[in-house]
Structure formats: structure tokens, C-alpha cells
Amino acid sequence: MTRFRRLFAEHLAPLVGSDVDSVAEQIGAPPKPDMGQLAFPCFPLAKERRSAPPKIAAELAEQLAGTEIPGIVAIKAVGPYVNAFVDGAAAARAVLPEVLGRGAAFGTHDGGGGAQVPVDFSSPNIAKPFGIHHLRSTVIGHALVGLLTASGYRPVGINHLGDWGTQFGQLLAIWEKKGDEERLTAEGIDYLLALYIEFNELKKDDPSLQDVARDRFKKLEDGDPECRRLWKLFRDVSLAEFERVYALLGIRFDDTRGESFYEDRMGAVLDELESKGLLKESDDATVVDLEEYELGVALVKKRDGSTLYLTRDLAAAQFRWDSYDFPRALYVVGAAQALHFAQMKKVLELMGRTWHDRVDHIPFGMMRFADRKMATRSGDIILLEDVLTEAIALAKETIVAGANEKGRENPDDLDELAHAIGVGAVVFNDLKNRRTRDVVFDWKQVLSFEGETGPYLQYTAARIGSMVAKAERAMSTVAVGTDEARTLAEGIDAAQLAGQDELRLVLAIDGLRESLDRAVTAAEPSLVADKLLEIAARFSTLYSNRDWKVLSDDEATTDARLALARATRQALVNGLDWLGIPVPARM
RNA sequence: GUCCCCGUAGCUCAGCUGGAUAGAGCAUCGGAUUUCUAAUCCGACGGUCGCAGGUUCAAGUCCUGCCGGGGACGCCA
């Protein structure tokens with residue numbers, strides 16, 4: 001679409017007396033396809049020309065009527081707009097060879113220039129179960145890593161584990177009273193959670209426990225061997241459990257150092273803050289006063305001298321800058337922490353870090369729960385692992401029921417298939433909406449496989465796959481992503497794809513690249529998710545039409561439609577891959 | 001109290017830097033399969049875009065105020 005918009009703008013620009021770029025920017029899409037594919041609004045011209053917009057539109061259309069513009073079949077005034085009608089055959093000729101020629105690389109580019117971009121995501125607190133509320137950061141962050149990769153960056157996925165802080169003091173405090181290593185080995189994280197809950201129960205009657213906890217964290221920070229040993233044990237037990245979830249989701253990190261990694265790097269930060277005169281004592285704690293920037297007061301050291309979240313994040317930011325020299329550093333962390341990151345950026349600025357504005361908090365809305373009955377094995381918490389397992393089980397049921405109904409055998413890769421579908425459903429469900437929205441967890445929605453869902457996209461890709469497998473043509477067997485595929489696609493009879501529905505599909509496929517760029521700029525995976533739904537829907541409309549069969553005796557038609565179908569599949573596969581969603585070969 | 005996010009169809013959401021008759025999915029109702037997978041498709045129903053002002057040729061989109069929901073605001077992370 002971009003290419004035709006450009007072309008249209010080039011011809012319009014001299015007529016309206018402004019440059020091509022600004023004209024191109026004004027060109028939009030008409031509300032209905034029978035009004036054309038491109039629309040130039042004439043309202044802004046009305047004042048300078050002292051004429052009515054529809055009249056101007058008519059004049060411009062008149063002036064362009066005689067001009068041959070490759071790929072554009074007609075230019076008409078439609079009310080106050082000058083609309084261009086893109087030639088479906090030309091669009092197909094332009095787009096399909098590119099998709100089939102580039103294959104898995106279609107839509108991608110190297111605009112990122114190989115720059116490293118740290119992406120801080122998931123980052124669960126150890127010693128606490130991996131709840132469904134961790135899904136958002138985990139899945140959005142993972143998608144951003146994929147999108148950045150597709151844009152030519154080298155993202156560095158960082159799992160900034162919450163493995164340091166007073167919470168471990170709490171755990172150590174209760175451990176002294178009740179700790180049982182055998183139970184820990186047997187029950188794992190559930191036991192840690194139980195201890196944590198018990199600590200908070202006891203604290204209600206005995207508030208002094210919180211002081212004990214703070215003291216134990218201080219001991220931990222000061223290197224007490226027993227505290228260290230226990231802390232490491234808690235960490236290992238937790239990590240082993242998180243790993244199961246990451247395996248289910250197919251996520252791996254480039255770097256899993258947590259907050260504890262920075263314990264010996266905070267001193268330098270504090271010293272620098274001190275030497276730059278940024279520190280202040282306040283109620284016996286050490287703070288950076290940001291009141292004049294309307295960012296409140298940022299605590300960097302507690303009364304007892306131990307450190308805080310911000311202190312560690314400052315050290316981590318510095319470490320990342322030193323390690324990666326990033327054009328941008330992403331923190332996929334809930335919107336509730338907006339103030340924390342604003343403070344962090346401001347402190348970095350005050351420290352003279354020129355790169356402070358490359359630090360980018362990517363907030364997302366909260367996950368809430370409609371009621372408390374949805375709880376699973378650990379009190380009030382819904383475990384992400386349980387949700388995934390449930391989705392996979394339901395996917396399996398669906399596959400088996402479907403096979404039954406059609407009198408077929410179960411597929412031999414049943415479990416693998418169920419896994420891809422179940423996980424795809426859960427992941428896509430989280431990615432399809434703008435990330436800043438709060439979401440209310442709803443089993444029914446998460447486990448839905450129909451409509452605007454991951455399985456819908458997977459299904460669309462899968463049915464194309466098996467249809468193509470039935471065709472016995474060069475166009476169906478040639479490997480995509482090769483020059484041969486490109487050449488074959490260039491050779492199709494594009495006139496076969498000149499219809500309105502085909503054109504809309506081709507333009508949607510062509511739009512994938514633009515959606516990628518917008519998604520990366522805005523750090524918003526849903527923009528790609530939306531485009532994928534559009535592509536799938538446009539294809540499904542064609543595919544369900546009984547008068548539109550891909551495979552037929554007419555070789556020219558068959559090859560043209562095969563090229564279109566394969567391009568559709570490729571676009572879906574690529575986009576889903578960026579989002580971190582697997583695409584099964586068959587469903 | 002101050003600040004941030006959200007408010008669009010019964011439900012869940014799109015709506016690009018303001019542009020034509022506000023679009024999808026789910027739900028409900030009605031259809032479509034002897035031929036490429038019905039996890040699909042087609043159609044119907046369904047909207048004072050929270051409210052009130054303002055800016056503009058043009059406002060769901062920008063500004064102000066108010067209402068409603070969520071969140072943040074020093075010794076948790």
C-alpha cells in the first residue's frame with residue numbers, strides 16, 4: 001500500500017503545490033473498498049483556493065484523468081475526496097514475489113542495524129509462585145524481543161528476578177521459627193509461599209516481626225553465611241519452578257541475573273550520588289529529592305542502611321549501558337510502577353547520564369480477578385502453569401472431538417499439537433489488546449479457540465498448508481524464501497487476482513511490515529496481532545467461497561491462487577513467530 | 001489532596017499523527033458443507049462513542065471541567 005500511496009502522492013503533489021511527503025501523509029483509506037483504496041481529502045485546500053472541497057476534488061480528478069499511473073486503474077472525485085483505485089493485478093505482482101521470495105524474512109528489515117536493546121521482562125519475585133498476573137510482562141516482553149529481532153535489532157532478554165530485598169528478610173525471619181528443609185525440597189515454592197503467608201499472619205499480632213525481617217535482610221546483605229545459604233536455596237527452588245513455565249511458553253532469556261547481581265554495584269552509584277550532592281537525609285533515610293520535578297522523593301537507602309529497589313535499578317541501568325551501549329532500553333513492567341521509572345530516569349539525568357531518555361518504561365494494565373473462586377492450589381493465586389495446562393488439555397479435547405466427529409484417527413503428534421494450540425490461545429489472548437488496558441482474568445476468554453484468537457490464526461495457516469500439500473505444482477512445492485519461488489511468483493497471471501477480495505488480502509499482507517514498524521515504535525504487539533487477524537479474515541472470506549477454489553483444472557488460476565495462499569500463510573507464520581506463538585503444520 | 005491509565009454495541013475490544021455512513025469478535029437469531037479442514041464463512045439484531053463546554057471547514061480522536069472504574073504518591077518490589 002505504501003508504494004501506491006507514494007505513487008499517488010507524487011502525481012498529486014505538483015497539482016496541489018506541496019511536497020510529496022506531506023501529500024502522502026494526508027492520504028488515507030476510504031471507508032469502503034468500492035470507493036477505492038486511497039483517498040486524498042481536499043478540505044485543507046478549500047481556504048486557499050476559495051472553493052468548495054468537492055469542486056476541488058473534481059478538478060484534481062479531472063487533471064489526473066489522462067495520466068497513466070502504473071498500478072492505479074482509476075482516479076475519481078468522491079465527494080470532497082480524490083480517490084485512487086489500485087489495480088489488484090498490479091498489487092499482486094508487486095507483493096507476492098516479495099513474500100514468496102523472502103519467506104521467513106518477509107516483513108523484516110535491518111533498520112535496527114544490529115544494535116543491542118536490553119528488554120527487561122517477566123522478572124518474577126522468587127519465593128513466590130509464578131501467578132497468572134506474571135503472564136502480561138512475560139508475554140509482552142517476549143513479543144517485543146521477537147518484534148525487535150524482526151526489525152534488525154539484537155534484543156537482550158533479561159529476566160530481572162526479584163531475588164533481593166526485605167521479602168527475603170521476612171522469609172529468613174519465619175524460617176528461624178519453622179523452617180524445614182525437607183518440606184522445602186518436597187513442596188518447593190508452595191512451601192515458601194505458605195511461610196510467607198504465615199509470616200504476614202504472625203506480623204498482625206506482633207508488628208515487631210517486620211523489624212526482625214529488616215534485620216535479617218541486612219544480615220543477608222552483609223554476607224552472613226547461613227542467610228546466604230538459605231537465600232540461595234530459596235532462589236534455586238524458585239527458579240526450577242519458573243523454568244517449567246518458560247519451557248511451556250517456549251521462552252528463554254539471554255540473561256537471568258536478578259537484583260542480587262547488583263548488590264556490589266550499588267556502592268558506586270551511592271558514592272556518585274553523594275559526590276554530586278544529590279543525596280539528602282530525611283527521617284534518617286537517604287533520599288534524592290525530586291519535589292521540584294514533581295516526582296516526589298526517591299528513597300535510595302533505608303534507615304538501617306540497606307538498599308532499595310531504586311538503588312538496584314540504578315546500578316542495573318548503568319550496568320546495561322556499560323554492557324550494551326543501547327539505543328533504547330525497555331522495561332516491561334506494570335503501569336503501577338510508572339513513578340518508580342520516572343524517578344529513575346530523572347535521577348539518571350541528574351547524574352549526568354546523557355542516555356537517560358533512552359530508558360523506556362513499557363507499562364501495561366493490571367490483571368484483576370472477577371471473583372475469588374477461581375483460585376487453584378495455592379490460596380488465592382491462579383498459577384500461570386495451571387492456566388497453560390488447562391488450555392492445553394482443552395485443546396487436546398477439541399482435537400480429539402473433532403477427529404471423532406469426522407471419523408478420523410487422532411493425529412500422531414496430538415500432544416505437541418495441543419501444546420501449540422493451548423499456548424497460542426493464552427498468549428494471543430494477552431497480546432491482542434492494547435497493553436495499557438487493565439484485564440479481568442476470565443477463564444472463558446482465555447480458553448476460547450474461536451473468533452479473534454490464536455487458534456483461529458493457527459488454523460488459517462494450517463488449512464492453507466494442507467491445501468497446498470494437495471496441489472502438485474511447482475508453485476506448491478517450491479521452497480519459499482528462494483529466488484526460485486520469487487521467479488515463480490513473478491510469473492503468475494496476476495489478472496486472476498484482480499478481484500476486490502483478493503486485493504484487500506494482498507494489501508493486508510503488504511501491510512504487515514508497516515504494522516511491525518508501528519509495533520516496535522510504540523512497543524505495542526497488538527498492532528501486529530490486529531494485522532494478522534485482518535489477513536486471516538480476508539483469506540478466510542475467499543477460502544469459504546465455493547466459487548473460489550484454489551485447486552482447479554485451470555493452471556493459471558491455480559498458480560495465482562496458490563501464490564496468494566502461500567503468501568497469506570507466510571505472513572501469518574512470520575507475524576505469529578514475532579509474537580512468540582507457535583504455528584502447527586496441521587490442525 | 002496531587003498525579004497516571006481507562007470509559008466506544010448486552011460482553012471483550014479496534015478505530016494510524018482530527019477527515020466520508022464509528023468497525024471486529026463473543027452472545028442472540030437465521031443461513032452455508034456430495035469437491036482445497038465448519039477451530040470456518042455469509043446475513044440479521046445491536047451504538048446519545050461517560051457527561052458538559054470549547055477549538056476546528058471537520059472531534060470517538062485535540063483542550064478544559066465534571067462523573068465513574070483502576071492505580072501511584074518514603075523505609076515492599
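- Along RNA chain B, the nucleotide nearest V78(A) and the nucleotide nearest L299(A) are compared for position; the residue whose nucleotide lies closer to the 5' end is V78(A).
- For E198(A), the CD atom counts as densely surrounded, since its 6.0 Å shell holds more than 12 non-hydrogen atoms of other residues, nucleotides or ligands.
- Dashed line: the shortest gap from a side-chain N or O of R437(A) to OP1 or OP2 of G7(B) is under 4.0 Å.
- In terms of phosphate contacts, K432(A) brings no side-chain nitrogen or oxygen within less than 4.0 Å of OP1 or OP2 of U12(B).
- Phosphate proximity of A14(B) to R434(A): present, with a side-chain N or O under 4.0 Å from OP1 or OP2.
- Whole-Å rounding puts the L533(A) CG to A24(B) P distance at 13 Å.
- For the OP1/OP2 pair of C41(B) and a distance below 4.0 Å, the side-chain nitrogens and oxygens of Y456(A) include at least one atom meeting the criterion.
- A close approach under 4.0 Å does not occur between any side-chain nitrogen or oxygen of R408(A) and OP1 or OP2 of U37(B).
- Remark: C1' of G25(B) and CG of N429(A) are 12 Å apart, rounded to the nearest angstrom.
- Atom-to-atom, CD of Q458(A) to P of U40(B) comes out at 12 Å; the value is rounded to the nearest Å.
- Here T541(A) reaches the OP1 or OP2 of C42(B): one of its side-chain N or O atoms lies under 4.0 Å away.
- With contacts defined as side-chain heavy-atom distances shorter than 4.5 Å, the pair D163(A)/F261(A) does not qualify.
- Contact check of residues 550-570 of chain A against RNA chain B (heavy atom, cut-off under 4.0 Å) returns V550(A), L551(A).
- Put simply, Y459(A) does not rest on the base of U40(B): the two rings are not both less than 5.5 Å apart at their centres and under 30° in tilt.
- Within 4.0 Å (heavy atoms only), A336(A) reaches sugar-phosphate atoms of the nucleic acid but no base atom.
- Side-chain polar atoms of K302(A) and T166(A) form a donor-acceptor pair below 3.5 angstrom.
- T398(A) has no side-chain polar atom (N or O) that falls below the 4.0 Å cut-off from OP1 or OP2 of A39(B).
- Phosphate proximity of A77(B) to R312(A): present, with a side-chain N or O under 4.0 Å from OP1 or OP2.
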Let me check I have this right: for RNA chain B, each base becomes ., (, ), [, ] or |, based on Watson-Crick or G-U pairs with both distances under 3.5 Å. What is the full string?
(((((((..((((.....[...)))).(((((.......))))).....(((((..]....))))))))))))....
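- Nearest-nucleotide positions on RNA chain B for F217(A) and M366(A) put M366(A) closer to the 5' end.
- Within the structure, a side-chain polar atom (N or O) of S466(A) is placed less than 4.0 Å from OP1 or OP2 of U37(B).
- Closest contact between the side chain of K302(A) and the listed nucleotides G74(B), G70(B), C76(B) involves C76(B).
- An OP1 or OP2 oxygen of C42(B) is reached within less than 4.0 angstrom by no side-chain nitrogen or oxygen of R546(A).
- The interatomic distance linking E294(A) (CD) with C73(B) (C1') rounds to 13 Å, in whole Å.
- Here the separation of G7(B) from G74(B), taken at their C1' atoms, is 32 Å to the nearest Å.
- Residue K280(A) contributes atom NZ, which lies 16 Å from atom C1' of C75(B) at whole-angstrom precision.
- At the phosphate of A38(B), neither OP1 nor OP2 sits under 4.0 Å from any side-chain N or O atom of Y543(A).
- Atom pair E534(A):CD and C13(B):P shows a separation of 21 Å (rounding to whole Å applied).
- The environment of NZ in K346(A) is crowded: more than 12 heavy-atom neighbours from other residues, nucleotides or ligands sit within 6.0 Å.
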